[in-house]
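The structure under discussion appears below in the form of structure tokens.
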Amino acid sequence: MRESKGRSIIGFPSDYVALDIETTGLDPSVDEIIELAAIRVRDGVRADTFASLVKPRNTISGFITELTGITNDMVSGAPRVESILPQFCEFIGGDVVVGHNVNFDINFIYDNLMQCSRRVFGNDFIDLLRIARKTLPELENHRLDTICGHFAVDTTAHHRGMRDCDMANECFQHYREVVAQRFGSTDEFIRMFGHKVMARDMTAAKDHFNEEHPLFNQVCVFTGTLEGMERREAMQVVMNVGGRCSDQITKETNYLIVGSLEYSSNIRGNKSSKILKAEKYVLKGQDIKVISQSTFADLLNEQV
DNA sequence: TCTCCTCGAGATCT
DNA sequence: CTCGAGGAGA
């Protein structure tokens, strides 16, 4: 299904189409499009727009009217999807499509276009939700209105097509700046996206260390899932006290910090390969300390 | 060291 | 769906 769908990509082009649709529900196989909206951007500025209500075959539920403000009266004189969707797609052309959780919109467009025109919608797309999660991990959630709140973007008339389109597009501009600020540059962000954070890529946030700290110059390896903190954060803390991080047990390893292994697929409470490897090295006389997360926390807080 | 795989957890869209 | 963690194999 959806064989010729475009690919989800990460990027910050200056030419693209931002879009948003409203529907009668969440499921593309049973629900219908009731509004289409798009903004064509050229050289980073809004060049043209497209907006239209769409008349569905079934009536719009009270819940959806409450949510979007779109009533059955409003769509009674609107075009059917089979007549307006091809125009919409013509407006989009071959552009990269941008939107918040745009995969949702793409699926509705793909299925409807296939059904009424036997054509595929193969445009590549940039899902701003992915960029938001990577860029603003500290937010409590990554719903569009929450992100707009963070960037002080106006959310008046939220859940109408053109407004959501504008909101997402404004957020896109903000991501550019935040990404450049937090990752050095958009190019660096794109390069790192989707790659595991390797221990060797970590750098300390300062260059002066207390050489008496128990983790100073100690090589630390993590296994399992930590509680209340991501592995990346933990590695950062180690770096910041002058320690070093590695992804695998070697002759250089000093500490193995063990998180919870119960969520891991092929482990199921058993020992991970890193633990087994560490125990082998210990038998050969190497001094690897296998410690729990709480012991790790104690070491960090130790004042010398 | 690198790429590709599996699995479970956790969100977001209307 | 996307992501992180760990594993297998080259």
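Note: hydrogens, waters and symmetry copies are ignored here, and every other heavy atom, side chains too, is used. Note that this is a predicted model, so its numbers are computed, not measured. Lettering of chains follows the sequences in order, A, B, ..., and the numbering in each one begins at 1.
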Just the atom pairs and distances: protein N or O near nucleotides 12-14 of chain B's N or O, under 3.5 Å.
unit_1: dT12(B); atom_1: OP1; unit_2: H142(A); atom_2: N; d: 2.3
unit_1: dT12(B); atom_1: O2; unit_2: N101(A); atom_2: ND2; d: 3.0
unit_1: dC13(B); atom_1: OP1; unit_2: L144(A); atom_2: N; d: 2.9
unit_1: dC13(B); atom_1: O4'; unit_2: N101(A); atom_2: ND2; d: 2.7
unit_1: dT14(B); atom_1: OP1; unit_2: D164(A); atom_2: OD2; d: 3.3
unit_1: dT14(B); atom_1: O3'; unit_2: E22(A); atom_2: OE1; d: 2.8
unit_1: dT14(B); atom_1: O3'; unit_2: T23(A); atom_2: N; d: 3.1
unit_1: dT14(B); atom_1: O3'; unit_2: T23(A); atom_2: O; d: 3.4

Distance in angstrom units between I147(A) CD1 and dA11(B) C1', rounded:
12 Å
In whole angstroms, the gap separating C1' of dG7(C) from NZ of K196(A) amounts to 9 Å
Would you list the pairs meeting ring-ring contact (aromatic ring centres under 6.0 Å, His included) in which at least one residue belongs to residues 17-47 of chain A, sequence neighbours left out?
none
With respect to the phosphate group of dG4(C), does any side-chain polar atom (N or O) of K134(A) fall under 4.0 Å of OP1 or OP2?
yes
Could you tell me the separation between the CZ atom of R130(A) and the P atom of dC1(C), rounded to a whole number of Å?
12 Å
Give N103(A) one of three labels, base, sugar-phosphate or nothing, depending on what nucleic acid heavy atoms sit under 4.0 Å from its own.
sugar-phosphate
Please determine, for dA11(B), whether a Watson-Crick or G-U wobble partner exists with both distances under 3.5 Å, and give it or none.
none
Atom CD of E188(A) with >12 non-hydrogen neighbours under 6.0 angstrom
yes
Looking at F172(A), I'd like to know if the NZ or CZ of R176(A) sits under 6.0 Å from its six-membered ring centre while staying within 45 degrees of the ring's axis.
yes
Once you round it to whole Å, what is the distance between C1' of dA8(C) and CD of Q248(A)?
15 Å
Is it true that, when you exclude R143(A) itself, more than 12 heavy atoms of the residues, nucleotides or ligands shown sit nearer than 6.0 Å to its CZ?
no
Can you check whether F296(A) and Y255(A) have ring centres sitting under 6.0 Å from each other?
no
What pairs with F50(A) under ring pair (Phe, Tyr, Trp, His ring centres under 6.0 Å), at least two apart in sequence or on another chain?
F88(A), F91(A)
NZ of K274(A) versus P of dA8(C): gap in Å, rounded?
13 Å
Quickly work out the Y110(A) OH to dC1(C) C1' distance and round it to whole Å.
17 Å
